Trainee: 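Take this structure, written in structure tokens, and hold onto it; I'll ask about it next.
None of the values given here were measured: they were computed from a predicted structure.
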Amino acid sequence: MKWTEFFIPTSKEVPADAAVPSHQLMLRAGIIRQVVAGAYTYLPLGYRSLRKIEAIVREEMNAARGIELNMPAMQPLEWWELTGRAAAMGDVLVRLGSSGGDDWRARTVLGPTHEEVITEIVRAYVNSYKQLPLCFYQIQTKFRGEARPKSGVLRTREFLMKDAYSFHTCKEGDGGLDDTYDRMYAAYCAIFSRSGLPYIAVEADSGPIGGDASHEFMVPTDAGEDYLVQSEDKAYAANLERAEVAPLADEGGAADAPLTEVHTPNLGTIDEVSTFLKCEPRKMIKTIIYEANGEALVALVRGDHEVNEAKLARAAKVGMVAAADAALINKITGADVGFAGPVGLSARIIVDQAVTVMHDAVTGANKTDYHITGVNPGRDFEVTESADIRMAVKGDCAKNGSPLTFKKCIEVGHVFKLGTKYSEAMSATFLDVNGKSHPMIMGCYGIGLNRIMAAAIEAGHDEKGICWPMSIAPFQVVICALDMRVEEVSTLAGKLHDELEATGIDVLLDDRDARPGFKFKDAELIGIPIRVTVGKRGLADGIVEIQTRRTGETAKVPPLDAVDTVQKLVQAAMEADCARKTK
RNA sequence: CGGGGCGUAGCUCAGCUUGGCUAGAGCGCAGCGUUCGGGACGCUGAGGUCGCAGGUUCAAAUCCUGUCGCCCCGACCA
């Protein structure tokens with residue numbers, strides 16, 4: 001491809017609206033252009049890269065025995081009501097018409113995923129255990145009414161996803177869910193390795209989608225919105241939403257002071273009480289009232305800790321917890337919000353492990369404007385249910401004793417064991433050998449292709465621009481013909497271009513009538529992994545230069561050896577990218 | 001959805017506080033000439049409903065009201 005016949009609108013200026021590196025660079029390199037908040041055009045350069053990512057994903061999914069199909073973005077709202085997700089998703093579900101209307105638009109949504117559609121297909125066509133297992137996948141545009149799109153293509157309202165859905169008669173054994181789950185997990189590792197991403201697979205919370213196992217694939221970068229918690233010895237890694245901590249030891253040295261009520265007028269927060277009583281937050285017990293299944297559920301954590309609602313819900317064995325409203329808090333505690341405490345409280349209480357080893361703590365008195373000091377768990381209130389229900393924090397250790405580290409990261413893939421939530425809701429059943437009916441057991445497996453692209457840029461760029469992994473670079477090689485007016489230069493550059501193209505390498509020939517510095521800057525900005533420089537100065541010495549973008553290493557070779565050298569570099573780079581997996 | 005910020009040329013921005021002639025700069029773009037191994041230079045030129053609507057005024061990019069859009073922080077996030 002010749003630069004003058006292609007379309008690469010680069011820019012020197014840093015776009016004012018872009019905050020994160022991948023967004024800035026994608027705009028500057030002419031990869032994307034925003035159309036509205038949360039939706040982008042992929043310009044030719046960007047689309048080449050996206051198609052390469054798509055090709056890798058498709059190859060690996062096929063290799064993992066997935067079968068591809070295509071489903072519509074438009075779906076009936078009715079199916080989303082069947083599974084309860086219309087309500088669960090709320091405004092995130094994009095509707096064609098206003099919910100007040102009663103025409104087809106009001107009954108149609110744009111799919112944020114396709115569990116309902118695929119389950120309906122299986123319900124319609126699959127009746128027997130003999131037809132299972134099945135694993136479908138699609139690579140398609142999806143829609144989510146994100147309240148706040150951000151960070152370029154990392155969080156958008158329209159995006160390209162690979163979603164796979166598997167259907168089984170059983171969890172374990174031949175053809176079972178576990179089998180496919182493991183195969184998908186392995187395929188994901190292959191996909192992210194081949195895409196040149198430094199990724200980490202972690203235990204994740206499965207959230208309201210339900211299911212009993214889930215892993216996320218994370219790429220560490222400051223632009224991410226998730227936190228990865230990893231032990232220093234790398235033996236443990238999890239999403240912050242799920243990360244477990246080692247129990248804290250009893251610090252002892254307690255006087256086990258008597259209970260004392262203190263007046264704390266209008267002081268309802270940990271900070272206020274802590275300052276007023278000159279008592280560190282870590283010496284206080286935070287009492288949070290939740291509502292679960294229509295009943296009050298009380299969580300106790302140390303004053304300097306936060307409740308992890310996902311962990312709390314799991315520990316309490318309830319589907320979901322929601323913060324209680326003031327009325328419920330008042331009813332349970334007999335006090336205004338801000339003065340709740342465990343002493344004398346009659347409700348189901350889950351005590352965080354860190355609270356169980358506290359002594360002489362300060363907490364609410366269940367009496368407006370009063371707190372109590374000298375609170376000792378076990379002595380002053382019964383600890384009937386204790387669990388790890390808090391967010392991990394700096395200083396915590398994994399269960400094996402290794403200290404935990406925290407990194408921001410982007411989620412690029414997620415695999416779930418779904419179970420029978422959708423098959424039951426939509427009656428996707430099969431008959432077993434005995435003619436007995438069962439709901440199918442399902443798994444689902446998603447990858448955000450746009451995020452792979454952004455993550456690759458986040459993980460691979462420098463002050464000059466993008467450093468693409470070879471496998472997903474829009475072009476693998478760029479030839480800078482330094483002065484197209486010089487006959488030998490343009491002839492040789494054209495010849496190298498044709499020869500490289502003939503060997504199957506994606507090569508871009510910068511044949512513009514521009515000065516050398518201009519071409520170098522552009523080549524670096526758009527991040528082509530290998531640059532071949534053809535100039536009359538080099539030709540006078542009988543050489544062309546071959547430079548690697550990522551390292552800056554330069555080889556000077558005779559023109560006749562150039563194609564061979566480039567081929568070897570491309571090959572080596574592909575292999576090196578595959579080895580970049582961090583864990 | 002709460003808090004903050006910003007809408008002026010393709011891009012980055014000035015002008016607005018204190019209303020006043022034909023709305024500016026740099027980059028980019030077009031023509032001509034010089035230049036050509038790290039974003040060259042000179043001359044000439046094109047390009048604007050100042051987000052939109054209403055209001056105040058002799059006069060509005062500037063003041064007022066409304067509205068739409070975009071970005072950031074937070075909440076939310078299968």
Side-chain angles (χ1 to χ4, degrees), chain A residues 9-20 23-24 27-28 30 33-39 80 83-86 88-93 111-116 142 144-152 154-157 159 161 163 165 204-211 214 216 224-226 239 241 309-310 319-320 322-323 411 413-419 421-422 442-446 448 464-465 480-486 489-490 510 512-526 531 533-541 543-545 547 552 554 556:
Chain A
T10 61
S11 164
K12 268 201 288 204
E13 307 275 2
V14 179
D17 280 346
V20 303
H23 190 198
Q24 291 180 356
L27 291 169
R28 288 188 54 209
R33 179 170 175 82
Q34 180 172 308
V35 177
V36 290
W80 287 79
T83 58
R85 293 210 296 175
M89 294 197 71
D91 288 342
V92 175
L93 188 61
T113 95
H114 286 72
E115 277 85 0
E116 282 78 2
K142 310 226 172 183
R144 274 186 204 177
E146 291 287 355
R148 179 150 96 88
K150 57 180 284 200
S151 306
L154 283 178
R155 188 175 181 75
T156 53
R157 294 192 173 132
F159 51 95
M161 278 206 45
D163 255 339
Y165 310 93
D205 189 72
S206 45
I209 197 169
S214 149
E216 282 174 341
E225 338 185 61
D226 286 308
N239 189 312
E241 290 167 4
E309 293 179 8
M320 232 177 118
E411 175 192 348
H414 202 157
V415 290
F416 283 97
K417 290 184 185 176
L418 277 182
K421 175 179 163 125
Y422 297 93
M442 294 174 60
C444 76
Y445 321 90
K464 295 173 181 169
C480 287
L482 287 197
D483 192 336
M484 287 299 287
R485 296 165 313 169
V486 178
V489 171
S490 59
D510 190 348
R512 293 176 297 176
D513 179 21
R515 295 162 65 89
F518 192 88
K519 294 190 175 189
F520 290 151
K521 292 286 190 210
D522 262 355
E524 282 153 359
L525 175 61
I526 69 173
R531 184 181 87 199
T533 306
V534 181
K536 63 174 184 240
R537 193 175 294 180
L539 288 189
D541 299 335
I543 58 109
V544 296
E545 284 170 24
Q547 189 178 67
T554 307
K556 300 187 177 190

Trainee: How far, in whole Å, is B/rG39 from B/rC63 if one measures between their C1' atoms?
Mentor: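 Going atom to atom, C1' in each nucleotide, I get 43 Å.
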
Trainee: Distance check, rounded to the nearest 0.5 Å: A/E115 atom CD versus A/W80 atom CH2?
Mentor: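 Rounded to the nearest 0.5 Å, the CD-CH2 separation comes to 6.5 Å.
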
Trainee: Tell me which nucleotide among B/rA75, B/rU12, B/rG37 gets nearest to the side chain of A/P15.
Mentor: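 Side chain of A/P15 sits closest to B/rU12.
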
Trainee: Look at A/E524 together with A/R531 and state whether they make a salt bridge at an N to O cut-off of under 4.0 Å.
Mentor: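 The answer is yes: the pair qualifies as a salt bridge.
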
Trainee: Establish, with yes or no, whether the OP1 or OP2 oxygen of B/rA40 is under 4.0 angstrom from a side-chain nitrogen or oxygen of A/R515.
Mentor: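 So the side-chain polar atoms of A/R515 do come within 4.0 Å of the phosphate oxygens OP1 or OP2 of B/rA40, strictly under.
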
Trainee: I'd like to know if A/D522 and A/R512 make a salt bridge, using a cut-off of under 4.0 Å between side-chain N and carboxylate O.
Mentor: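 Looking at A/D522 and A/R512, the cut-off is met.
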
Trainee: How far, in whole Å, is B/rU18 from B/rC64 if one measures between their P atoms?
Mentor: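 That atom pair is separated by 10 Å.
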
Trainee: Under 4.0 Å, heavy atoms only, any strand: does A/T10 hit a base, just the sugar-phosphate, or nothing?
Mentor: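 Contact class for A/T10: none.
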
Trainee: Are there runs of at least three consecutive Watson-Crick or G-U pairs touching RNA chain B, with each pair's two distances under 3.5 angstrom? Give them by first number.
Mentor: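 Listed by first number, the stems are B:1-7 with B:68-74, B:10-13 with B:24-27, B:29-34 with B:40-45, B:51-55 with B:63-67.
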
Trainee: Return the nearest nucleotide to the side chain of A/A37; candidates are B/rC70, B/rG37, B/rG39.
Mentor: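 Side chain of A/A37 sits closest to B/rC70.
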
Trainee: Can you tell me the distance, in whole Å, between the CG atom of A/D513 and the P atom of B/rU34?
Mentor: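 To the nearest whole Å, that distance equals 13 Å.
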
Trainee: Should the side chain of A/R148 and the base of B/rC76 be counted as holding a donor-acceptor pair, with the cut-off at 3.5 Å?
Mentor: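 By the distance-only test, no, there is no pair.
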
Trainee: From the set B/rG37, B/rC70, B/rA78, return the single nucleotide nearest to any side-chain atom of A/M89.
Mentor: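 Of the options given, the side chain of A/M89 lies nearest B/rA78.
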
Trainee: Write down the distance separating the C1' atoms in B/rG47 and B/rG31, rounded off to the nearest Å.
Mentor: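 To the nearest whole Å, 15 Å.
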
Trainee: Roughly how many Å apart are B/rG7 and B/rC43, using the C1' atom of each and rounding to a whole number?
Mentor: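 Pairwise C1' distance, B/rC43 against B/rG7, rounds to 35 Å.
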
Trainee: Could you please name the option among B/rC27, B/rG37, B/rC70 that lies closest to any side-chain atom of A/K12?
Mentor: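 Nearest to the side chain of A/K12 among the choices is B/rC27.
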
Trainee: Have A/K150 and A/H23 got a donor and an acceptor in their side chains that come within less than 3.5 Å?
Mentor: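 On atom types as modelled, these side chains do not qualify, holding no pair under 3.5 Å.
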
Trainee: Kindly point out which of B/rC76, B/rA78, B/rG39 is positioned nearest to the side chain of A/L525?
Mentor: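 From the listed options, B/rG39 comes nearest.
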
Trainee: Expressed as a whole number of Å, how far does the C1' atom of B/rA59 sit from that of B/rG45?
Mentor: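 Approximately 32 Å lies between the C1' atom of B/rA59 and that of B/rG45.
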
Trainee: Relative to the 5' end of RNA chain B, which residue comes earlier, A/R28 or A/G38, by the nucleotide with the nearest heavy atom?
Mentor: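 Final value for this comparison: A/R28.
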
Trainee: What interatomic distance, in whole Å, is found between P of B/rU49 and the corresponding atom of B/rG28?
Mentor: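 These two P atoms come out 23 Å apart once rounded.
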
Trainee: B/rU17 and B/rA60: how far apart are their C1' atoms, nearest whole angstrom?
Mentor: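 My reading of the C1' atoms in B/rU17 and B/rA60 gives 15 Å.
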
Trainee: Under 4.0 Å, heavy atoms only, any strand: does A/V14 hit a base, just the sugar-phosphate, or nothing?
Mentor: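 If one applies the 4.0 Å heavy-atom cut-off, A/V14 turns out to touch the sugar-phosphate alone, with no base involved.
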
Trainee: Specify the closest pair of heavy atoms between A/Y445 and A/Y165, including all atoms of both residues, with the distance to one decimal.
Mentor: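 Of all heavy-atom pairs spanning A/Y445 and A/Y165, the closest is CD1-N, 4.3 Å.
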
Trainee: Please pick, from B/rC76, B/rC70, B/rA78, the nucleotide with the shortest atom-to-atom distance to any side-chain atom of A/D17.
Mentor: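 Among B/rC76, B/rC70, B/rA78, the one nearest the side chain of A/D17 is B/rC70.
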
Trainee: In whole angstrom, give me the gap between the P atoms of B/rC71 and B/rU57.
Mentor: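 To the nearest whole Å, 38 Å.
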
Trainee: What I want to check is whether an N or O donor and acceptor connect the side chain of A/E13 with the base of B/rG28 at under 3.5 Å.
Mentor: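 Checked by distance alone, the answer is no.
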
Trainee: Can you identify which nucleotide, out of B/rA78, B/rG37, B/rG38, has its nearest atom closest to the A/R85 side chain?
Mentor: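 So the side chain of A/R85 is nearest to B/rA78.
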
Trainee: Out of B/rC72, B/rA78, B/rG39, which has the shortest distance to the side chain of A/A19?
Mentor: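 When the side chain of A/A19 is considered, B/rC72 is the closest of B/rC72, B/rA78, B/rG39.
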
Trainee: Can you find a donor-acceptor N/O pair under 3.5 angstrom joining the side chain of A/D522 to the base of B/rG39?
Mentor: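 Indeed, a donor on one side and an acceptor on the other fall under 3.5 Å apart.
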
Trainee: Evaluate the side chain to side chain contact (heavy atoms under 4.5 Å, CB included) criterion for residues A/R85 and A/E116: first the C-alpha distance (whole Å), next the side-chain angles of each, then the deciding distance (0.1 Å), finally the verdict.
Mentor: CA-CA 10 Å; A/R85 293 210 296 175; A/E116 282 78 2; 2.7 Å; yes

Trainee: Show the numbers, then the answer: is there a salt bridge (charged side-chain N to carboxylate O under 4.0 Å, His left out) between A/K142 and A/D163?
Mentor: CA-CA 10 Å; A/K142 310 226 172 183; A/D163 255 339; 2.8 Å; yes

Trainee: For A/A86 and for A/P149, find the nucleotide of RNA chain B with the closest heavy atom, then tell me which residue's nucleotide is more 5'.
Mentor: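 Looking at the nearest nucleotide for each, A/P149 comes out on the 5' side.
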
Trainee: Side chains of A/T554 and A/E545: donor-acceptor distance under 3.5 Å anywhere?
Mentor: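 Note: A/T554 and A/E545 side chains miss the donor-acceptor criterion.
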
Trainee: Does A/R157 reach a base, just sugar-phosphate, or nothing at all? Heavy atoms under 4.0 Å.
Mentor: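 Nothing, no nucleic acid heavy atom in range.
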
